[in-house]
**Q** 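I am attaching a structure below and will ask some questions about it afterwards.
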Amino acid sequence: RDNAQKASLSKSRFLANMSHEIRTPVNAIVGLNELIIRETDNEDIRNYANDVQLASNSLLSIINDILDISRIESGRMEIVDMQYNVGVMIDETCKLMMSRAKAKQLELSIICENTVPKYLIGDEVRIRQVLINLMTNAIKYTKQGTVVLRIKWKEDDECDDMIRLLMSVEDTGIGIAKEYHDLLFNSYERFDDEKNKGIEGTGLGLAITMQIMKMMQGSINVESEYGKGSVFSVEFPQGIVDDSQVGNLSEYMKSVKREETKDKDMLLAPEGKILVVDDAD
Ligand code: ADP
């Protein structure tokens with residue numbers, strides 16, 4: 001048993017190191033390819049470079065998933081709690097998802113209770129990752145209809161300076177047959193190959209999401225009807241800072257969009273100096 005555990009740990013460490021090493025050259029490819037896209041006037045070359053970009057991004061997301069699951073399995077992933085702005089976090093995450101939803105002509109709506117605290121203490125990076133995993137799946141496995149993200153909160157019975165944040169992602173997609181529900185959160189597990197044909201994935205997203213929830217003392221739940229759609233919900237504790245509330249989130253999201261277009265020229269920085277910091281261990 002000890003030998004098997006040691007072998008499994010070495011496997012996870014090997015995968016973590018390998019994916020870390022692969023990420024560096026892939027990032028170089030993405031960066032240099034970006035320069036080709038910007039600098040070429042030749043449409044054929046731009047099209048080839050766009051394909052390189054798509055393929056490299058999908059490779060990066062696979063590598064990132066393998067890196068995360070192996071870090072989790074070898075006990076090297078940590079939850080880092082810091083103060084963050086809930087509205088900004090949701091706005092930025094959903095904007096990442098909007099173009100994907102649009103490309104499939106899906107409606108993406110965000111329903112957030114006005115009273116959700118504006119500032120929370122938690123691991124924002126991991127919460128974004130959970131949201132991205134659930135929303136990417138909802139979009140990937142839905143051919144038509146809507147994807148709805150709901151954000152609510154409730155008091156934490158055990159602790160005065162904590163709340164429980166509830167986020168759910170509902171889709172009108174292909175759904176998941178009952179017999180697979182218990183297997184959903186296993187690593188590298190994918191189902192219904194016939195229906196999922198052509199949909200990219202590693203079967204790691206939900207395993208990672210489940211582990212992140214465990215590390216945050218939270219939980220994940222799925223309700224799904226085959227052929228009709230699914231609802232994935234997560235619930236986890238977060239620290240509170242003060243009484244301020246997010247308010248009307250959709251108004252806020254619209255205002256950010258307006259500001260972005262207004263400030264487009266602000267990105268020009270010909271005299272700018274860049275500091276690059278690498279904290280690689
Ligand atoms: P991946 O999407 O990379 O295959 P996940 O771990 O995120 O891996 O999901 C595992 C499997 O669960 C998917 O392959 C798919 O069969 C099923 N699944 C996940 N989310 C949904 C969803 N919203 N609707 C239908 N099936 C889903």
Side-chain angles (χ1 to χ4, degrees), residues 12 15 19 22-23 26 54-73 77 93-94 96-98 100-111 125-151 166-216 218-235:
S12 301
L15 278 176
S19 20
I22 295 172
R23 222 163 36 161
V26 176
L54 283 179
S56 329
N57 285 340
S58 114
L59 184 59
L60 266 185
S61 94
I62 294 172
I63 296 168
N64 284 338
D65 276 358
I66 296 179
L67 185 61
D68 278 346
I69 199 78
S70 43
R71 266 194 190 142
I72 290 169
E73 282 172 0
M77 188 188 274
T93 314
C94 291
L96 277 181
M97 292 292 124
M98 269 169 191
R100 280 193 195 209
K102 218 171 167 186
K104 289 188 74 178
Q105 292 175 338
L106 299 173
E107 193 188 322
L108 176 62
S109 44
I110 295 118
I111 302 171
V125 174
R126 297 297 160 203
I127 298 168
R128 279 179 193 243
Q129 189 176 4
V130 164
L131 271 183
I132 289 174
N133 280 349
L134 297 182
M135 290 173 85
T136 308
N137 277 352
I139 295 169
K140 267 199 313 195
Y141 299 107
T142 302
K143 286 204 180 79
Q144 56 189 35
T146 46
V147 170
V148 186
L149 166 67
R150 286 194 176 80
I151 303 116
L166 301 117
M167 295 177 161
S168 70
V169 179
E170 183 177 340
D171 65 57
T172 53
I174 58 175
I176 305 151
K178 263 253 147 15
E179 71 235 53
Y180 297 132
H181 283 202
D182 289 341
L183 306 172
L184 271 175
F185 302 101
N186 292 352
S187 302
Y188 305 103
E189 194 94 62
R190 308 195 71 210
F191 314 106
D192 210 344
D193 288 342
E194 195 46 46
K195 271 196 176 169
N196 288 350
K197 229 194 297 183
I199 304 180
E200 269 185 29
T202 51
L204 286 176
L206 286 179
I208 294 171
T209 305
M210 164 85 145
Q211 293 298 335
I212 293 177
M213 276 301 123
K214 264 194 195 161
M215 286 193 287
M216 289 171 44
S219 60
I220 180 161
N221 180 50
V222 54
E223 285 165 46
S224 182
E225 200 175 327
Y226 193 48
K228 288 212 164 147
S230 318
V231 187
F232 282 85
S233 335
V234 287
E235 182 187 325

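None of the values given here were measured: they were computed from a predicted structure. Both counts, for ligands and for their atoms, begin at 1 and track the order of listing. Heads up: numbering here begins at 1 and tracks the sequence.
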**Q** Measuring from L204:CG to Y188:OH, what's the distance to the nearest 0.5 Å?
**A** 5.0 Å
**Q** Crowded around R100 CZ? As in, over 12 foreign heavy atoms under 6.0 Å?
**A** no
**Q** Is K102 atom NZ crowded by more than 12 heavy atoms from other residues, nucleotides or ligands, each under 6.0 Å away?
**A** no
**Q** Listed by chain and number, what are the side-chain contact (heavy atoms from CB on, under 4.5 Å) partners of Q211, not counting sequence neighbours?
**A** I72, K214
**Q** Assess whether atom CD of E179 is packed by more than 12 heavy atoms of other residues, nucleotides or ligands within 6.0 Å.
**A** yes
**Q** Are Q129 and I132 close enough that some pair of their side-chain heavy atoms sits under 4.5 Å apart?
**A** no
**Q** Is the side chain of D171 donor-acceptor paired with the backbone N or O of S230 at a distance under 3.5 Å, no angle test?
**A** yes
**Q** Would you say L184 has any N or O atom under 3.5 Å from an N or O of ligand 1, going by distance alone?
**A** no
**Q** For K140, take its heavy atoms, then give the atoms of ligand 1 lying under 4.0 Å from any of them.
**A** 1 (P), 2 (O), 3 (O)
**Q** If the contact criterion is a heavy-atom separation under 4.0 Å, does G173 count as touching ligand 1?
**A** no
**Q** Atom 20 (N) of ligand 1: which of N137, I69, I208 has the nearest heavy atom?
**A** N137
**Q** Against heavy atoms of G175, which atoms of ligand 1 measure under 4.0 Å?
**A** 25 (C)
**Q** Tell me the nearest of I176, L204, I62 to atom 26 (N) of ligand 1, using heavy-atom distances.
**A** I176
**Q** Please verify whether a non-hydrogen atom of F185 lies at under 4.0 Å from ligand 1.
**A** no
**Q** Any idea which atoms of ligand 1 are less than 4.0 Å away from a heavy-atom of G203?
**A** 1 (P), 3 (O), 4 (O), 6 (O), 8 (O)
**Q** Could you list which atoms of ligand 1 come closer than 4.0 Å to a heavy atom of L206?
**A** 5 (P), 6 (O), 7 (O), 9 (O), 19 (C)
**Q** Heavy atoms only, cut-off 4.0 Å: how does F232 contact ligand 1, side chain, backbone, both, or neither?
**A** side chain
